[in-house]
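Report on the following structure.
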Protein chains: 2
Amino acid sequence: MNLSRHPTTYPTRYQEIAARLEQELSHYRCGDWLPAEQQLATRFGVNRHTLRRAVDQLVERGWVQRRQGVGILVLMRPFDYPLNARARFSQNLLDQGSHPTSERLLSVLRPASGPVADALGVAEGRDIIHLRTLRRVNGVALCLIDHYFSDIAWWPSLREFTSGSLHDWLEARLDIRLIRHQTRISARRAQAKESRMLEIPNQAPLLCVRTLNHREGAHSVAEYSVSLTRADMIEFTMEH
Amino acid sequence: MNLSRHPTTYPTRYQEIAARLEQELSHYRCGDWLPAEQQLATRFGVNRHTLRRAVDQLVERGWVQRRQGVGILVLMRPFDYPLNARARFSQNLLDQGSHPTSERLLSVLRPASGPVADALGVAEGRDIIHLRTLRRVNGVALCLIDHYFSDIAWWPSLREFTSGSLHDWLEARLDIRLIRHQTRISARRAQAKESRMLEIPNQAPLLCVRTLNHREGAHSVAEYSVSLTRADMIEFTMEH
DNA sequence: TAAAATTTGTGCGTATGTATT
DNA sequence: GAATACATACGCACAAATTTT
């Protein structure tokens, strides 16, 4: 078995096209759609498979994103550039749930799945409150948080939450102050759905922070939250 | 442009095959070759394109590697398996530098680079102590830490450190107790060198923890450390 | 509400080129 | 040189998702 490197080879057709498309990305803005695959294939005089392969490269590099039935979305923006140059936002690790600028994507009453039930300390299948919020900075999706609450008495109030700071809302409407009890931090690649919601390339690294929160004075878990944050944009900090 | 969620979809044929192949990887050892694409395609009753697409997934995940004219090389080690099944090790976020099982890879006196000098609060180019340690669990490389110390008076003692807990060593040999003052947590993909040292696929997600440590009572930074941990194996926890 | 059109996603069959054994 | 195996590319067809009519 020969482990030596392969000699350099001439670029294949799909690589040529990928390079060309990458150049031309500068003619687009974030949010623009590329011409349809068939159009591009015709223009380059190749089969659609070959064109798709070229686009695959751009997807891998994180420049564009596919949307079935819609088209190919251009992600690259001047905004992203400095980020990889270590110009990440810095965020206090303990601030989860108190972002002043998050919007609600989902709020439902639903049976607790296994992991959620475990975290909240309730029986699997019991109804719990599930909110999902998205935090944007300058219009860029940054952080997706799932909040799970065990006390469905909060539902009438929580269901009306639409945007702002969730923890401020709890304090203002229900006079409830939540205190962080446990934090778990991990990282992994974004899965397909997550990368769509956060508008990032598939497989991009995400920071995952899971927290257990109590009410002041109480010992049972009132909230379990799971946040997914673009790792290229955020760094968590903590002063001791 | 509609950013609403996509409905869940059923796995496609190639995804099914990818999942099946991933299961079966445990039947192989690192260095084994998979059966030829045509054989696998025949066995699954699909076209070779479809089979190739399934293998593409394994390549993306870093389990196998293609060699033109040779075959498909199995990279994965059996040990890696349970990890993706969410069986990550749990580690206290504040334990950096005190792993009882780390080994020294490097110990040198060298001029401080820009970022290190900034962190330690010394002039760029001034000599500092640089130690690099690797932590293994069951023989598997888990965590790579660069330690930078501003006080070169510690050098005669630190240069003799070879393995064990670095912070224990400092306390035993120099009667120095270090206290965490600031923690920064980020995540990114492994670069080529890092993936070699940690024996993981390139681009695999890493957790990066950077800390500033003081001596008890003192205010200046005595140690700056940067740890890189396999994100598929570790989850950090913190009780408040 | 429903159907049609558009666009990407998946899959098959085939042909040819390239690298290795 | 021959055999084997992966790499690239074309053409066609249909499925799935979305948007438009």
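In the text below, chain A, chain B and the rest are named by the order of the sequence lines, each starting its count at 1.
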**Request:** Evaluate the side-chain proximity of B:T229 to B:V209: yes if any heavy-atom separation is below 4.5 Å, no if none is.
**Result:**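 A side-chain contact is absent here, since even the closest heavy-atom pair is not under 4.5 Å.
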
**Request:** Name all residues meeting the salt bridge (Lys or Arg N to Asp or Glu O under 4.0 Å) criterion together with A:D168; count only those two or more places apart in sequence or in a different chain, and write none if there are none.
**Result:**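 For A:D168, no residue satisfies salt bridge (Lys or Arg N to Asp or Glu O under 4.0 Å) once neighbours in sequence are set aside.
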
Which atoms of nucleotides 1-4 of chain C (N or O only) lie under 3.5 Å from a protein N or O atom, and what are those distances?
none

**Message:** Treating primed atoms plus P, OP1 and OP2 as sugar-phosphate and everything else as base, which nucleotides of nucleotides 8-16 of chain C get B, S or - for protein heavy atoms under 4.0 Å?
**Reply:** BBBBBBB--

**Heavy-atom closest contact (A:S157 atom, A:W169 atom, distance)** =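 Where A:S157 meets A:W169 most closely, the heavy atoms are O-NE1, 3.4 Å.
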
**Non-neighbouring partners of A:R66 that pass side chain to side chain donor-acceptor pair (under 3.5 Å), sequence neighbours left out** =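 Scan of A:R66 (side chain to side chain donor-acceptor pair (under 3.5 Å), adjacent residues dropped) gives A:E37, A:D56.
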
Compile the donor-acceptor pairs under 3.5 Å between side chains in residues 122-130 of chain A and protein atoms, sequence neighbours left out, one pair per line.
residue : atom : partner : partner atom : Å
A:R126  : NH2  : A:S150  : O            : 2.9
A:H130  : ND1  : A:R110  : NE           : 3.2
A:H130  : ND1  : A:R110  : NH2          : 3.3
A:H130  : NE2  : A:D146  : OD1          : 2.7

**Asked** Which salt bridge (Lys or Arg N to Asp or Glu O under 4.0 Å) pairs, counting each pair once, include a residue from residues 206-215 of chain A, with sequence neighbours left out?
**Response**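 Of all non-adjacent pairs touching residues 206-215 of chain A, those that pass salt bridge (Lys or Arg N to Asp or Glu O under 4.0 Å) are A:R210-B:E235.
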
**Message:** Check A:R173 with A:D175, please: is the shortest side-chain N to carboxylate O separation under 4.0 Å?
**Reply:**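 No, A:D175 and A:R173 are not salt-bridged.
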
